[in-house]
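Numbered from 1 within each chain, the chains take letters A, B, ... in sequence-line order. Predicted, not measured: the structure shown is a model, and the values here were computed from it.
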2 protein chains.
Amino acid sequence: MQNKEFVPIDEFSDMWDVLTQEERMYLRENTKIHHFKKNQIIYCEGEEPSHLICLIKGKVKIYKEGTGGRNQIVMMIKPKESFAYRAFLAEERYMTNAATVEATSAYFVPLKVIYEMICSNNKLAFTFIKILSKELGKAHNRTVNLTQKHIRGRLAEAIVNLVEHYGFDDDGVTINICLSREDLANISNMTTANAIRTLSSFVSEGMLSVKGRHISVLDYEKLLKISKIG
Amino acid sequence: MQNKEFVPIDEFSDMWDVLTQEERMYLRENTKIHHFKKNQIIYCEGEEPSHLICLIKGKVKIYKEGTGGRNQIVMMIKPKESFAYRAFLAEERYMTNAATVEATSAYFVPLKVIYEMICSNNKLAFTFIKILSKELGKAHNRTVNLTQKHIRGRLAEAIVNLVEHYGFDDDGVTINICLSREDLANISNMTTANAIRTLSSFVSEGMLSVKGRHISVLDYEKLLKISKIG
DNA sequence: TTAAAATAATGTTTTAAAGCACAAAGTTAA
DNA sequence: TTAACTTTGTGCTTTAAAACATTATTTTAA
């Protein structure tokens, strides 16, 4: 069941540190690995949740389809993070879609295995409580940011969040994620044309430099300031 | 510690059904009751969370202060619901403010008591997991609704949500909550003037009738349709 | 290696909603 | 019972962002 290329799931992400040796084995036995190409859909709104997914490598966007084909990205996932479990825990169907933004490998754990372990291991239950509480706080923040800030503030904040989440490449300035202008727009709640325009003005103001989809941050302080003022 | 006017907290809200007899006693012994007048602030952004609050009677708004004095109401609380615990579970300070919208009584339970019980009672942990998961789903929905729908859709949706949450008075049409136009605007992400205007047009279109702050729903289907189309 | 498609870039027009200003009606307080 | 204040209601003006249109530039595929 385990792939020899990869370490076992319980050693990969520290969210499983709280498991007993027995539980770790149980988790390993029930974990499978799946691979996805770039821009592949992992799950869709309305489907029944079946697995917790823990990213090994690659990047994933979680988004909701809005009116008129405009999507809203509600969160971005990076390696070691898990997703696709919320709907199950709420006893709902998926309310979001998940798609890769680059080639991706991930552990798949049946949600009933997760459920059993949450029921028998308090510490794991608390791990989920904490993750969900933090996510809920972020979601409230995002709502206010996206509804009250102007275009420049929204894009600046989106870029700041990408920096904080994915960090920089070895050069120390290039953000370690490549997104289309459309995805950038869907994170910042604006049209693609406006994302392009606003990104260009950030470049001409000397805050960023852009090479295709690679964004480098030249003046982080200024970016932060714009993201706060709105 | 208990007030004779009110039933014990564990009998009042069914979220405590999962507690053992011993835990119930422990909960009761540590619960106090507080009373608030209309428009009183219960807690503020930045404060250290100390108590879980369970509403006995009255209504509470949870809101974030936005730019330029415009607040965003992120949720409304009704009797039997609990709040003020998210920040504690996420090990953060409050990110929101809470204020009464009418005279309110509430149970106050120290969060360390809640923490102890979550750690010792898996079922209670799961209760919180489920509540948080559902809230997170709602928050994602709200984000998309508030960012993508137009004014009429946003207000219609806000009113639909109020109906679903608070229900009707005995007459079967008047929504069982009275909010200022400003609060209505702060739920639907618009200016007060636009809330007033849009509400008036809903009235002149025969969907609603309004007497001061009392809103009656005359054509729920139409309201629902507008809330969905945007 | 050309064609087709997707993505990026820019200019122009339109519009939804904010901003502003002011009046009327209710409330609260002195 | 005035006065002061808050809330509600409207009209007018401005503006931020969407919508639309068109042209480059990449990327992908045939």
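Between B/Phe6 and B/Phe12, the ring center distance fails the sub-6.0 Å criterion.
Residues B/Leu199 and B/Ile159 meet the side-chain proximity criterion, which asks for heavy atoms closer than 4.5 Å. Looking at heavy atoms from C-beta onward, B/Leu52 lies out of side-chain contact with B/Tyr107 at the 4.5 angstrom threshold. Between A/His140 and B/Ile62, every side-chain heavy-atom pair lies at or beyond the 4.5 Å cut-off. Annotation: side chain of A/Asn189 is not in contact with side chain of A/Lys149 (no heavy-atom distance under 4.5 Å).
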Donor-acceptor contacts, no H, no angles, side chain residues 221-230 of chain A, under 3.5 Å, sequence neighbours left out:
| from | atom 1 | to | atom 2 | distance (Å) |
| --- | --- | --- | --- | --- |
| A/Lys222 | NZ | A/Glu205 | O | 3.2 |
| A/Ser227 | OG | A/Leu224 | O | 2.7 |

Which pairs would a plain distance check flag for residues 72-80 of chain B, meaning a side-chain donor or acceptor within less than 3.5 Å of a matching protein atom at least two apart in sequence or in another chain?
| from | atom 1 | to | atom 2 | distance (Å) |
| --- | --- | --- | --- | --- |
| B/Gln72 | NE2 | B/Asn186 | O | 3.3 |
| B/Lys78 | NZ | B/His165 | O | 2.7 |

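Residues satisfying the ring pair (Phe, Tyr, Trp, His ring centres under 6.0 Å) test with A/Phe88, not counting sequence neighbours, are none. Residues passing the ring pair (Phe, Tyr, Trp, His ring centres under 6.0 Å) test with B/Phe83: none are found, sequence neighbours excluded.
Fit an axis to the five pairs at each end of the helix from C/dT1-D/dA30 to C/dA30-D/dT1 and the two axes sit 50° apart, to the nearest 10 degrees.
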Between the protein and nucleotides 12-18 of chain D, are there any N/O to N/O pairs under 3.5 Å, and if so, what are the atom names and distances?
| from | atom 1 | to | atom 2 | distance (Å) |
| --- | --- | --- | --- | --- |
| D/dA17 | OP1 | A/Ile151 | N | 3.0 |
| D/dA17 | OP2 | A/Ile151 | N | 3.4 |
| D/dA18 | OP2 | A/Thr191 | OG1 | 3.4 |
| D/dA18 | OP2 | A/Asn194 | ND2 | 2.3 |

Atom pairs under 3.5 Å, N or O on each side, protein against nucleotides 5-8 of chain D: can you list them with distances?
| from | atom 1 | to | atom 2 | distance (Å) |
| --- | --- | --- | --- | --- |
| D/dT7 | O3' | B/Arg213 | NH2 | 3.2 |
| D/dT8 | OP1 | B/Arg213 | NE | 3.0 |
| D/dT8 | OP2 | B/Arg181 | N | 3.1 |

Please enumerate all protein N or O atoms sitting under 3.5 Å from an N or O of nucleotides 23-30 of chain C, with distances to 0.1 Å.
none

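One can place CG of A/Leu184 at 14 Å from P of C/dT7, the figure rounded to the nearest angstrom. Taking atom CD of residue A/Gln148 and atom C1' of nucleotide C/dA17, one finds them 14 Å apart after rounding to whole Å.
Formation of a donor-acceptor pair under 3.5 Å by the B/Thr198 side chain with backbone atoms of B/Ala195 is not found in this model.
For the contact set between residues 200-208 of chain A and DNA chain C, defined by any heavy atom under 4.0 Å, the members are A/Ser200.
The stretch residues 175-203 of chain B participates, sequence neighbours left out, in these salt bridge (charged side-chain N to carboxylate O under 4.0 Å, His left out) pairs: B/Lys61-B/Asp183. Identified under the ring-ring contact (aromatic ring centres under 6.0 Å, His included) test for residues 45-68 of chain B, with sequence neighbours left out: B/His51-B/Phe108. Screening residues 188-212 of chain B for ring-ring contact (aromatic ring centres under 6.0 Å, His included), with sequence neighbours left out, gives no hits.
The two residues B/Glu11 and B/Val7 make their nearest non-hydrogen contact at OE1-CB, 4.4 Å.
Annotation for B/Asp171: atom CG counts as buried by contact number, over 12 foreign heavy atoms lying within 6.0 Å.
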